[in-house]
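Chain letters run A, B, ... following the sequence lines, proteins first, then strands; residues in each count from 1. The figures here come from the full heavy-atom set of this structure, side chains too, leaving out hydrogens, waters and symmetry mates.
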Amino acid sequence: MNVVAPFEGIGASVRRKEDLRFLSGRGHYTDDINRPGQAHAYILRSPHAHAAVNAIETAAAKAMPGVVAIFTGADLAAIGGLPCGWQIHNKDGSPMAEPKHPVLAEGKVRHVGDPVAVVIAETRQQARDAAEAIVVDYAPLPAAATMQAALASGAAQIHEAAPGNLCYDWHIGDKAAQEAAFAKAHKVVTFETTNNRLVPNAMEPRAAVGDFDPQSGDYTLYTTSQNPHVIRLLMGAFVLNIPEAKLRVVAPDVGGGFGSKIYHYAEEAIVTWASGRVKRPVKWTADRTESFMSDAHGRDHVSKAELAVDKDGKILGLKVHTYANMGAYLSTFAPCVPTYLYATLLAGVYTTPVIYAEVKAVFTNTVPVDAYRGAGRPEATYLLERLMDVAAAEIGMDRVEFRRKNFIPVDAFPYQTPVALQYDSGNYFATLDAALEAADWKGFEARRAAAKAKGKLRGIGISTYLEACGIAPSAVVGSLGARAGLYEVGTIRVHPTGSVTVLTGTHSHGQGHETTLAQLVADRLGVPIANVDIVHGDTAKVPFGMGTYGSRSLAVGGSAMFKAMDKIIAKGKRIAAHLMEASVEDVEFDRGTFRVAGTDKTKSLTDISLAAYVPHNYPIEEIEPGLEETAFYDPKNFTYPGGCHIAEVEIDPETGKVSMVNFTAVDDVGRVINPMIVEGQVQGGVAQGIGQALLESAIYDAEGQLISGSMMDYTMPRADDLAPVSVATHTTLCTHNPLGVKGCGEVGAIGSPPAVMNAVVDALKDFGVRHIEMPATPAKIWNIIHARKAAE
Amino acid sequence: MPQVTLTVNGTKHTVEVEARTLLVELLREKLRLTGTHVGCDTSQCGACVVHMGGDSIKACTILAVQCEGADVTTIEGLAKADGTLHPMQEAFREYHALQCGFCTPGMVMSAIDLVNKHPGGLSEQEIREGLEGNLCRCTGYHNIVKAIAAAADVMQGRRSELARAAE
């Protein structure tokens, strides 16, 4: 029986259902899983960025204690390479270069960390010991550690199938119109920048357990994935040739993803395949060092942007040229990140009438690069919002007024940009004004003066951003090269006594779906969230799904649930009409109660569900028993969250250290289901954005060694690196999904880096600084300040 | 193989371990106490923090054989037998101080020791500096800092849980 509960529907900051198990040590992560008879895998990885593998000698290692088996690329030659999920076409219409991505190296290694062999042993330590006894005869080759090196004439060829190390040469927009607009410009402002390579570093390292059942021939893979059905599809169909009915993929509790756990990785195929060979479960868990050299990295663009403006400060056109690093192989969604998730965002929140962008994707001897929180949209936003500040300074206009002057007007929606997207809703003036107020923009010069009196340099920076998420309309992305549809699936199962199980194809790895999605059911069906169980992450339980990324879970997955609830309500009305001897058209439904319109005749959802499963008095000839419905929802458009971020920083000129003083975020994420969770998502995203701006950078040396390859070397943001983030929302509803939601998972990481960097440059304006590359480390800033002092 | 006898969450265990076995491996693999996590291999992340003799330690940085006779508390041993959560666990839930939950056990164990070592209370800056040894990638730390401040008030008797609940 459902009991009336305090309000816990849409808009309530309900405390999270999942927290109790996480707080008491009862979370169930992949490395917590141990199967009977399990053996352990250790993966031997290349220490070279680029080398021919002449021979692999395993005899001595096979004789080591506890070793069960050792496999190399030769053993796996019959299975497929790791597939790429998105095909981009070159300017001339030809497809991108798509070289094979072997599961274990075949004759050559292409980055430090490239898997070469796998040892299966009784314990993890024995597997590691034996791996040390494997002798690999490498013939090192010249490495291309940077895009510049890879594109140089005479550069080492990383793949035969990619001449000149070019993956694709793509463009979007109207080049002739752009050139015409530039010809009429009052001024063209040029800006060049690098978007620093990042390592996602979810706190849980990747892990996988393959479990083959010799009796049934069934395979189960437990894996740290954001999208288990996608892994089953990719690995089953393209790599191991296992039919879906014989392959179950489980992604249990997952300790953070940020994109890095979307992709199908070699280790998933290795443990699944090896389990079938050794007829035992096989478990692998990454060391953090392995994560650094095998998890897909993020960002890594080198760009040049030119902005044409008229004499009044109105933008006439934008031209962008970007080199995007793919790393050594194409990760699952890598090709779409610098194209359809990047160049299509270059209009931002502005009425720029013409845009032309060219993107060259380049192979290098580095870890593959793919989507990391925001994926393409942070790169576009950083380029555009730094350019806006640089341009405002060069035309002598206030940076806020320059932005306001070029904003898309409130009454211009739906708004068609020159780079394919059509924004459905937004109010950039409202989020700007709210943020300026909350950050006390007007009072800043007094704070700057007060800081100066203490010998400190204060700066304030702004970013007015937009992103496209809620990925994605299947037909649209199909026409753009996606090899999958990007709908979502939801099943609502109302049990006989009225509790509800939801099966969702989305996956929660920190987002709090077990709470938020239950709130959707509470709000619509009137079932308390304690009686709503959210099931996700298991292909044996959930019919299908595309997983969680691109801030899609609510906009796409929640909408699928909404559609399934429509069907539940429609069927419930028919059953209620029968029970109340009324016509279906006269039955109304509101939060758990079916009522004959205009009467006091009612039936509860529980009355209906009981009748549906115990059909003693039931129109069984017309309506099937049971109360369970599944819906697929394919979004009609992307969603377009946007807003304004303002950063205030203080620099100590003695050390060059930048301290975050204040950060204000006013975001339009559409309808807010759980304000507490939305605020937490923004806080976390902003922390990652500040990390990119001030601290983080994956650094390779010229030989392709990853110098920042551990948490001792790669600067993760810590509690004392960050300041409180003030979070507010201003809502315009998404017009094309039934919930009106836009998505909040990525806005923090997208809007914040340029706000921070604009603040850093502002703090240093007396030093003649036009631009500083991220991360703005103390060393960089100290050198700027002291070079100036030395010159004086 | 060496033997080690230690008390974990009030229960005495005698376990055979390799000399190189780390305390965190003993906890996770021998005792199946999987609430204590491993997030790095350089003693940076703090996901493995447990209490030994009341002090927080990184269980990845001590050999199991060094723990002979030790009294260890893990995240599984924090709540009372009747399931009542420790005020720090309560505060983490109340202030949304966790998202994916992976860093949470170590973060909670570090936070309790931090509060215990500052009987007169902590400033926000002291809490932030006190978390130097614990990484979280999800939350941006802000809600963790708020939760620790609130739990410190309860643990140190400045504010009752009832008063907090009534807010």
Which bit of [X] is near chain A, if near means a heavy-atom gap under 4.5 Å: side chain, backbone, both or neither?
X        : value
B:Leu78  : neither
B:Thr42  : both
B:Phe102 : both
B:Arg28  : side chain

Interface residue of largest heavy-atom contact number with chain A, from B:Gln125, B:Met88, B:Arg20, B:His37, under 4.5 Å:
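Highest number of pairs under 4.5 Å: B:Arg20.
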If I measure from the heavy atoms of chain B, does [X] come under 4.5 Å with its side chain, its backbone, both, or neither?
X        : result
A:Ile677 : both
A:Arg26  : neither
A:Ser710 : side chain
A:Phe258 : side chain
A:Val254 : backbone
A:Gln511 : neither
A:Ala723 : backbone
A:Gln681 : both

Carboxylate-amine/guanidinium contact B:Arg137 A:Glu696, below 4.0 Å
yes
Check whether any side-chain heavy atom of [X] sits under 4.5 Å from a side-chain heavy atom of [Y], and report yes or no.
X        : Y        : value
A:Leu20  : B:Leu85  : yes
B:Thr104 : A:Leu23  : yes
A:Met711 : B:Cys45  : yes
A:Leu722 : B:Arg128 : yes
A:Asn34  : B:Arg32  : yes
A:Val725 : B:His142 : no
B:Leu131 : A:Asp720 : no

Can you name the nearest heavy-atom pair linking [X] to [Y], along with the distance?
X        : Y        : result
A:Met676 : B:His96  : O-CD2, 3.3 Å
B:Thr139 : A:Gln683 : O-CB, 3.5 Å
B:Gln44  : A:Met712 : NE2-SD, 3.3 Å
B:Gln99  : A:Gly510 : CB-O, 3.3 Å

To the nearest 0.5 Å, tell me how far B:Asp41 CG sits from A:Arg288 CZ.
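Output value for this atom pair is 8.0 Å.
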Going from OG on A:Ser24 to CD on B:Gln89, what distance comes out if it is rounded to the nearest 0.5 angstrom?
6.5 Å
Name the member of A:Pro205, A:Gly512, A:Ser508, A:Ser291 that forms the most heavy-atom pairs with chain B at distances under 4.5 Å.
A:Pro205
